[in-house]
Q: 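Just passing along the structure, written as structure tokens.
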Amino acid sequence: MSDYRPQEIEKKWQDRWRETRAFEVKVDPSRPKFYCLEMFAYPSGHAHVGHVRNYMIGDIMARMKRMRGFNVLHPFGWDAFGLPAENAAIKNHTHPETWTFDNIAHMKGQLQRLGISYAWEREIATCQPEYYRWNQWLFTRMFEKGLAYRRRSNVNWCESCATVLANEQVVDGGCWRCGTPVVTRDLEQWFLRITAYADELLDALPTLTDWPEKVLTMQRNWIGRSVGARVRFPIAEGVTPTTEAIEVFTTRIDTIYGANFVLLAPEHPIVERFAAESPDPAAFRAKVAAFRALDRTARLTGEIEKEGFATGRYVINPFTHTPVPVWIANFVLGEYGTGAVMAVPAHDQRDFEFARKYDLPVTVVIQPEGGTSEGDELTDAYTGDGVLVGSGSFSGLSTDEARTRLTAEAAAHGIGEATVQYRLKDWGVSRQRYWGTPIPIIQCEVCGLVPVPDADLPVRLPTISEFTGRGDSPLAHVAEFVNVPCPRCQRPARRETDTMDTFVDSSWYYYRYCDPTNESLPFDPATVAYWGPVDFYSGGVEHAILHLIYSRFFSRVFRDVGLVTIDEPFTRLLTQGMVLRHGAVMSKSKGNVVDPDDMITRFGADALRLYVMFVAPPEKEVEWTDTGLEGAYRFLGRVWRAADHLIPAVADAPAPDGLAFDADEKRLRRATHRTIDRVTRDIDPRMHLNTAISAVMELVNDLYAFCDIRGIKPGARDDAPPPAIARPEAAAALREAIEALVRLLSPFTPHLSEELWERLGHDDGVVAAGWPVFDAAAAAEDEIEIPVQINGKLRARLTIAAGASDEATREAALALPAIQTHLAGAEVVKTIVAGGRLVNIVVKASKG
RNA sequence: GCCGGGGUGGCGAAACUGGCAGACGCACGGGACUUAAAAUCCCGAGUCGCGCAAGCGACGUGUGGGUUCGAUUCCCACCCCCGGCACCA
């Protein structure tokens, strides 16, 4: 018998897990698999408790599933490429690789001290050539399929990070990493054609039934499919159409008879020609330039005054056959749709405001159900559905029907067609930085863009010593890297010097864990067929539209190159809440981080794990409190004292089967088995880890209450003699409770549980022992206490045999003295007996 | 504006299918042990009123209505907080 000394037992078990490679697994088709994964970590240096909460959540799941007989894959690794390593190199003159691996070593130690049950043999770091070689391999496959392509375009540029950002990486107009406002640059860039999968990515969302609604909504918004039509408005010479046309995209073709003018984005290709052909090209161009110079962020977020000017040109509305003016407007986006819109001021709020501002006509073509309106009288656009008016032969149709009919009509005349437009753009993956995967392409003057042959992969990142952080891609300055013969014609050629976005690395790492050392393929298809998909994936919600949409895309690319057969990589997703301190997210700059190592030193990893899991459900944010952690530590001391002190007294206890338990012992056994049931369901599927822990706490309280009644003193000091327990039945019930308790707690507090389990005389560990088995008979109540209400107000409690008939329950309730008192002089209207749960007597108040 | 989540004691929270609101814990108060303190063990506690007391009563889950024998839970309207999207035609 001894005190609870977490530092000793935690070290002991962590050493043992490492020595026995306790969490290593292999493919075993005879057992059900469970792939449990937490989003891997960027090796920033130190993990704080906000980061490690996520690893704890996954570990609870992994450890519980292991005990329940699953073959559990629970790996970990490092998202090891990225800018901070390079920035640190610039600042401290250390090589990014040194910085990265030093950080990995430190953080790995932190995770091991937390007792997270990772299969460390499978650890990967994405900056290793053995890993990024397969980024290059897949990029080549995508290039071959036309899914990776290069084009010049306006891209998002972060001045501070000196690199391009994908659309997904622009948050509120700023860089997702550093917040610097994003500017536009015109660059030659590599793109991955995620839009080829846009429909599939959207349509499969409803199959993700175990994802949070919030994430599904965010992805749906991000993909932003809108169904509409393209319609061509011929450019007019006077009032006659020419053969040239401006094409618009609209979701409201039903309003086309009310299209009073057409608006062009300042970036629209025809703008320059209109300028050149205008009476005063210089003034025209100046106005366009002013629009284009508007702050990009403000333009995208709509925080600008809507302005425009007439080009002096007209197009013919192809349905009304009347000329309408063409304006250039600052709020029309060049990169969406066709960069031109038909403006229907009566039925679009933006167009309405624009028309009123510049005194343009407003023609009503949709009447709301039962209402009428005139363009002159409108104070707002009517954007709802209704019935068409003033729309030629289409008048009288519903908006819904009109959309179909007008689209068909346009198609029949070759002036338009149905089309689908996405907000989602192709993924720009070129980065003008060093610490990333080299893009495996060689540019030859004769052959064009030629992929590096698979046999020559990986294209290794050359070691460079100078990091300036200035200007273009660092690799462009490494002559030996850049100047290579063309793989096809052997003439001198140049290597691509940009590196890949690090989100490429994280888009498929979960498959690599299944087969992390494969040297001939990214992974063996049969191995991934066994382990995949990830059954339980947890991480921060900040990846809802970055990592999680890219991964769904990559998983499909792997499917289409024949390496996997599933569509969706993650079956169940949990987005964990952040840990706050003083109301703010922990960050080094705010100086409010809690270092897990400090807490482990003071209270042990088990107490830290228990506290973080107990304080709130996993999805919720939590506020860190030291007193809460102390409470968890106190509780574990209480568990330790009960278990360790009683072990000698219960060591020889008989098995519970067939024993004649008395009332107290039965009550304890009931508590034990009810707790097993509750904890089991609370962890999986409910993931209410906080209530699972409170159920265990209640069992501990019940155990102490039992000891109190029997005069057993588990809380006695170290030097007290072990208590004697007279009845073998009592010892049996106690041992059963302790053994259940230790195992129910073991996903949360693995070190403490293993230690107590060993001290209880088992030498094969809690995993081998398995999850405690619920015994419904032992959990059953003989008698139950149910509330008795009068008119919904609690008036008395009734103790009655479990399973009593409704009639017997009713009579017993009515006979209670407290009920009799309340019923005096009242008339019972009816009595509701909710089987075994409640009695409610409905009365009418007596008059007078 | 649209979408999603939420609002419950001093605090973190619980209540699974409409059935005892506040489990469990933190902080707090009392008792036992101790020369004393810490630790530990036991007990108490939503608010208000009456009572010396055991107890009794009223009120109580953001606000207002509704459905129901019964509502934290379902419906309608509204207020507030958090997250996401947003001039996307």
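A, B, ... follow the sequence lines: proteins, then strands. Residue 1 opens every chain.
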Q: Using a 4.0 Å heavy-atom cut-off, does A:Asn840 contact any base of the nucleic acid, only the sugar-phosphate backbone, or nothing at all?
A: base

Q: Any N or O donor-acceptor pair under 3.5 Å from the base of B:rA89 to the side chain of A:Arg350?
A: yes

Q: Take A:Arg638 and A:Ala340, find for each the nucleotide of RNA chain B with the closest heavy atom, and name the residue whose nucleotide sits nearer the 5' end.
A: A:Arg638

Q: With the side chain of A:Leu333 defined as its heavy atoms from C-beta on, choose the nearest nucleotide among B:rA89, B:rC26, B:rC24.
A: B:rA89

Q: Between A:Gly792 and A:Thr217, just flag the one whose closest nucleotide in RNA chain B comes earlier from the 5' side.
A: A:Thr217

Q: Please check the phosphate of B:rG70 (OP1 and OP2 only) for any side-chain N or O of A:Lys793 closer than 4.0 Å.
A: no

Q: What nucleic acid atoms does A:His822 come within less than 4.0 Å of, heavy atoms only: base, sugar-phosphate, or nothing?
A: sugar-phosphate

Q: I'd like to know if A:Lys830 reaches the base of B:rC69 with its side chain, counting only an N/O donor and acceptor under 3.5 Å.
A: no

Q: Taking only the side-chain nitrogens and oxygens of A:Arg641, find out if one of them lies under 4.0 Å from OP1 or OP2 of B:rC41.
A: yes

Q: Does a side-chain N or O from A:Tyr422 land closer than 4.0 Å to OP1 or OP2 of B:rC88, or not?
A: no

Q: It should be established whether A:His688 places a side-chain nitrogen or oxygen under 4.0 Å from OP1 or OP2 of nucleotide B:rA15.
A: yes

Q: Does a side-chain N or O from A:Ser226 land closer than 4.0 Å to OP1 or OP2 of B:rA89, or not?
A: yes

Q: Taking only N and O in the side chain of A:Arg634, is any of them less than 4.0 Å away from OP1 or OP2 of B:rA27?
A: yes

Q: Whether A:Arg795 contacts B:rG70 is assessed here as follows: a side-chain N or O lying under 4.0 Å from the phosphate OP1 or OP2. Is that the case?
A: no

Q: Pick the C1' atom in B:rG66 and in B:rU73, then give their distance to the nearest Å.
A: 15 Å

Q: Go through A:Arg350 and A:Asp348 one step at a time and tell me if the side chain to side chain contact (heavy atoms under 4.5 Å, CB included) criterion holds.
A: CA-CA 6 Å; A:Arg350 295 155 298 178; A:Asp348 181 285; 2.7 Å; yes

Q: Let me know the distance between CD of A:Glu623 and C1' of B:rC11, rounded to the nearest Å.
A: 11 Å

Q: Please tell me if A:Asn330 has a side-chain N or O lying less than 4.0 Å from either OP1 or OP2 of B:rC87.
A: no

Q: Given Watson-Crick or G-U pairs with both distances under 3.5 Å, what dot-bracket string fits RNA chain B, with | for other-strand pairs and [ ] for crossing?
A: (((((((..(((......[....))).(((((.......))))).(((((....)))))..(((((..]....))))))))))))....

Q: Considering only heavy atoms and no angle criterion, is a donor-acceptor pair shorter than 3.5 Å present between the side chain of A:Asn221 and the base of B:rC85?
A: no

Q: What is the ring orientation for A:Phe249 with A:Tyr336, classed by angle as parallel under 30°, tilted 30 to 60°, or perpendicular over 60°?
A: perpendicular

Q: Between A:Asp677 and A:Arg674, is there a salt bridge with N-O shorter than 4.0 Å?
A: no

Q: Syn or anti for B:rG9, taking syn as within 90° of 0?
A: syn

Q: What's the CZ-P distance between A:Arg220 and B:rA86, to the nearest Å?
A: 16 Å

Q: Do the rings of A:Phe291 and A:Phe309 sit parallel, tilted or perpendicular, given the 30° and 60° boundaries?
A: tilted

Q: Taking atom types as they are modelled, is there a donor-acceptor pair under 3.5 Å from the base of B:rC20 to the side chain of A:Arg837?
A: no

Q: Look at the side-chain N and O atoms of A:Tyr336 and state whether any lies under 4.0 Å from the OP1 or OP2 oxygen of B:rA89.
A: yes

Q: Among B:rC3, B:rA89, B:rC16, which nucleotide sits nearest the side chain of A:Phe331?
A: B:rA89

